[in-house]
*Asks:* 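Below is the structure I would like to discuss, written out as structure tokens.
Convention: sequence-line order gives letters A, B, ...; per-chain numbering from 1. What's counted below: heavy atoms across the whole structure, side chains too, no hydrogens, waters or symmetry copies.
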Protein chains: 2
Amino acid sequence: MKRRKTQSQEEILEILKDSNSALNHDMLQAKLTTKIDRATIYRVLNRFSDDGLVHKVIGDDGKQYFAFCLNCDKEKKQHSHNHFHFKCLKCGKVECLKNEIDVSLPKGYTTEAFNGLISGYCSNCS
Amino acid sequence: MKRRKTQSQEEILEILKDSNSALNHDMLQAKLTTKIDRATIYRVLNRFSDDGLVHKVIGDDGKQYFAFCLNCDKEKKQHSHNHFHFKCLKCGKVECLKNEIDVSLPKGYTTEAFNGLISGYCSNCS
DNA sequence: TATTTAATGCGACTTTATTGCATTAATATG
DNA sequence: CATATTAATGCAATAAAGTCGCATTAAATA
Ligand SMILES: [Mn+2]
Ligand SMILES: [Mn+2]
Ligand SMILES: [Zn+2]
Ligand SMILES: [Zn+2]
């Protein structure tokens, strides 16, 4: 299954690149100039996530947020995102925090996915 | 609004106490001997969470998991749970990890809630 | 025992996300 | 360029998780 370069994907990726924070479906749709179907948006986003192009973060609100990968070592066998995301409760912005976190698991435990989210107020809103 | 001691709450709290892992609505309902309405279960759980009796964790699956508070200093002004939870992708168990995490936020940022979840395989399942 | 109102049950509803299927369009091939 | 192949899309239906309004029940208190 080779990937194809489509207009929808291009536009969505551009939006994610230009955004300095993670976006959920709603926020992304609001930024679209073209009309793209909801199902397509989700499919595109999850495809990006599967391909390691974006992070997928689950918010306190249970919604899926997507952020373009920056400073992620995609050459590594395991593309990892062991950093927290911060969600402002007032302005809604979701951003990546710089520090990579090292969590020590009990013996015999293995990691498949990391999801770290802190909610609070950003410097503009507190 | 003073809290009342009801049978539903008692039973749900017992189940959470006896469980060594976080439970979502489904898992909890399966353990009930009495039949309690879905809305009530959610209301009870969120009440517990508001009162600092249990943690509420959002999984990768977007579902709400609840775990009885252990080793949480409830005397502190801010009842904090800055620890990760681990969810086994095979057996489904969600458990609290011991280490408290210290995340450094950018200047001017304040924390209201912490949600850390690692998915993977536990020692029994890997 | 009577009064007050927190908690519950039920059903309707909302929100978020997924899936099946027919159609479209990106890529490859001659 | 014309044609074949199938990934990607649009649409509608569906699923799943959680919330809300409101009438009823039952804890607490007097
Ligand atoms: Mn990345
Ligand atoms: Mn606690
Ligand atoms: Zn803000
Ligand atoms: Zn397991």
*Asks:* Please work out which residues in residues 37-47 of chain B have a non-hydrogen atom less than 4.0 Å from an atom of DNA chain D and list them by number.
*Replies:*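 Contacts with DNA chain D under 4.0 Å: B/R38, B/A39, B/Y42, B/R43, B/N46.
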*Asks:* Keeping A/D51 on the side-chain end and A/L53 on the backbone end, is there a donor-acceptor pair under 3.5 Å?
*Replies:* no
*Asks:* So where does chain B start and stop touching DNA chain D, 5' to 3', when the test is distance under 4.0 Å to a non-hydrogen atom?
*Replies:*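 Listing 5' to 3', DNA chain D meets chain B from D/dA17 to D/dT29.
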*Asks:* Given atom CZ of B/F48 and atom C1' of C/dA6, what is their separation to the nearest angstrom?
*Replies:* 14 Å
*Asks:* Quick one: what's the B/S/- string for nucleotides 24-30 of chain C, heavy-atom cutoff under 4.0 Å, read 5' to 3'?
*Replies:* -BBS---
*Asks:* Decide, yes or no, whether a salt bridge links A/D60 with A/K87 under the criterion of side-chain N to carboxylate O below 4.0 Å.
*Replies:*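 So A/D60 does not pair with A/K87 through a salt bridge.
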*Asks:* Nearest-nucleotide wise, let me know which of B/Q64 and A/I36 is further upstream toward the 5' end of DNA chain D.
*Replies:* A/I36
*Asks:* With under 30° as parallel and over 60° as perpendicular, where do the rings of B/H55 and B/H85 fit, or are they tilted in between?
*Replies:* perpendicular
*Asks:* Could you check B/V103 against B/F114 for side chain to side chain contact (heavy atoms under 4.5 Å, CB included), going step by step and ending with a plain yes or no?
*Replies:* CA-CA 10 Å; B/V103 183; B/F114 176 102; 4.2 Å; yes
*Asks:* Answer yes if the ring centres of A/F48 and A/F68 are under 6.0 angstrom apart, and no otherwise.
*Replies:* no
*Asks:* So, does A/E100 use its side chain to make a donor-acceptor pair with the main chain of A/N82 at under 3.5 Å?
*Replies:* yes
*Asks:* Looking only at side chains, do A/S104 and B/N99 share a donor and an acceptor under 3.5 Å apart?
*Replies:*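 Their side chains do contain a donor-acceptor pair, which is all the 3.5 Å distance test asks for.
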*Asks:* Can you check the A/D61 CG to C/dT15 P distance for me, whole Å?
*Replies:*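 Atom-to-atom, A/D61 to C/dT15, this comes out as 13 Å.
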*Asks:* Are B/Y121 and A/Y109 close enough that their ring centers fall under 6.0 Å?
*Replies:*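 Distance test on ring centres: not under 6.0 Å, no.
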*Asks:* A/K56 has an atom NZ; how far is it from atom P of C/dA17, in whole Å?
*Replies:* 8 Å
*Asks:* Under 3.5 Å, is there a donor-acceptor pair between the B/R47 and B/Q9 side chains?
*Replies:*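 Note: B/R47 and B/Q9 side chains meet the donor-acceptor criterion.
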*Asks:* Aromatic ring centroids of A/Y42 and A/H25 under 6.0 Å?
*Replies:*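 Ring-ring flag for A/Y42/A/H25: true, centres closer than 6.0 Å.
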